[in-house]
Amino acid sequence: CSPEIFELNIPILGICYGAQLIAYMRGGVVEEGRKGEFGRTELFFKPDSELFEGLNTDGRLNVWMSHGDVIRSLNGAEIIGYTKNSPIAAFRITISNSHTIYAYGIQFHPEVHHTDNGDKILWNFLYRICGCERNWTMESFVRDKIEEIKREAGGSKVVCGLSGGIDSSTTAVLVSRAIGDNLTCIFIDNGLLRAGEAEEVLNTFRDRLKLKVVFVDARERFLNALRGINDAEAKRKVIGRLFIEIFEEEAKKIGADFLAQGTIYPDRIESARAGSGSKASRIKSHHNVGALPAKMGLKLIEPIKELYKDEVREVAKELGIPQSIINRHPFPGPGLAARVIGEVTEEKLRICREASRIVEEELKRSGWYDRVWQAFAIVGDDLATGVLGDARSLGRIVTIRVVESVEAMTADFVKLPYEVLEDISRRITNEVRGVTWVTYAISSKPPSTIEPC
Ligand code: XMP
């Protein structure tokens, strides 16, 4: 980066490669390490350093590392932390002409969940070292956003695609607070929704929150378009295309100038990666972001694009969106098609929907629902033998997927108690016609993804 950054007279924090870059630019030696450090590592740090203040007094911390190169030496720097393989895992060095302003470098990642107390380190940097003020609250966010939307779109017509998920719901309610009836929400039932979802969305937004909602029953159109398609990526493309087509038809009728979208910060990271053509992005096409506005010539309103999911939840609470929507597990844009392996047929959809409802009900009953990231059922074309009465019968295999995750970039399968799994299995084979076997997915992400398709 531009070397003038060191002349701005502001504190700097370099993380991982950023720490190496600071060291390199200040004349230090960065070279290939004898051994890389990947994963959890113990950091030995100076407890009296302001960056580590209030962490603990014994000077040891579990941190998350992901690097091959190491900082070997950096003249003039004060070393405030080291690990077995990184002699300079944390340092500070004076910059500019001032002796009171420092650049800090830390080789580990304070921003990931696996680093103990990582938040506290970032907190120290922002509030102790930089002197930032904490004047940003959810109330002020909501108030400012509403004003901003009024200024930008007051008097114009706005459309918003409502999916029933937290992001689009929060967006819709924020915009409606700003411009009232000039907002029309479009809710498309693509036949790939969860059990009872369409009713719940209409109930909540039309009846309780008094939003103007156009309901489009497009179940047949989607199912027809999906007929005969087995490939996961092809299914996603068909669903994405048809969604845009139907949305455009409806938006035209309304004659809108603006489109409100529930893009959140992680979506932008994923689409930026997609744009750069990196490997990470090509795993699955997530079709929600970006595709609509360019073609439709509508101006965009994205009021929550700077927020992470947990912040969106807080805004939603502030706006009076019901808990049942706020706490609902994330659901993919392609809906149940992401959980039906192979061709999407009405029968497989029925099985997937009913079995997923049972999974959700049993997790709620046993107190697990709010402790996991996502929980659902998957169905494919494989058949397995069962007994119905005294007769042999062939039926589908339903796979249960329950994962814990922080931001869905990685995920572990949840070690549910056998009793809970047993209840789920018994109910599915008893209550869902055509299912003979239930299995549990015990793969984590990576290498598996959360959704099978
Ligand atoms: P994967 O299956 O890629 O999923 O590990 C990661 C998270 O993203 C959700 N997901 C989607 N969300 N549009 C979305 O908005 C999509 O096309 C889509 N595909 C997967 C998935 O449910 C999980 O939370």
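We count ligands from 1, going down the list as the structure has it; atoms in each ligand are counted the same way. Remember, it's a predicted structure, so these values are computed and weren't measured experimentally.
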Practice task
Indicate the ring-plane relationship of F215 and F187, choosing parallel, tilted or perpendicular according to the 30° and 60° boundaries.
Solution key: tilted
Strictly under 4.0 Å, does any heavy atom of [X] approach an atom of ligand 1?
| X | value |
| --- | --- |
| P334 | yes |
| W373 | yes |
| H329 | no |

Handout entry: Any side-chain donor near an acceptor of the partner, Q20 and Q107, under 3.5 Å
Key =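 Q20 vs Q107: donor-acceptor pair found between side chains.
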Exercise for the section: Classify the side-chain pair E37/S86 by whether it contains a donor and acceptor separated by less than 3.5 Å. Expected result: yes
Practice task
Run the numbers for me: atoms of ligand 1, each under 4.0 Å from some heavy atom of K445, listed by number.
Solution key: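 Result: 1 (P), 3 (O), 5 (O), 6 (C).
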Exercise for the section: Going by heavy-atom distance to atom 14 (C) of ligand 1, choose the closest among G333, S405, G165, S448. Expected result: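 Shortest heavy-atom distance from atom 14 (C) of ligand 1: G333.
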Handout entry: CG on L43 to CZ on F52, rounded to 0.5 Å
Key =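 One gets 5.5 Å once the value is rounded to the nearest 0.5 Å.
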Exercise for the section: Verify whether the ring centers belonging to H329 and F376 lie closer than 6.0 Å. Expected result: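 Distance test on ring centres: not under 6.0 Å, no.
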Exercise for the section: State whether the shortest distance between N or O atoms of I450 and N or O atoms of ligand 1 falls below 3.5 angstrom. Expected result: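 Between I450 and ligand 1, an N or O pair is found under 3.5 Å apart.
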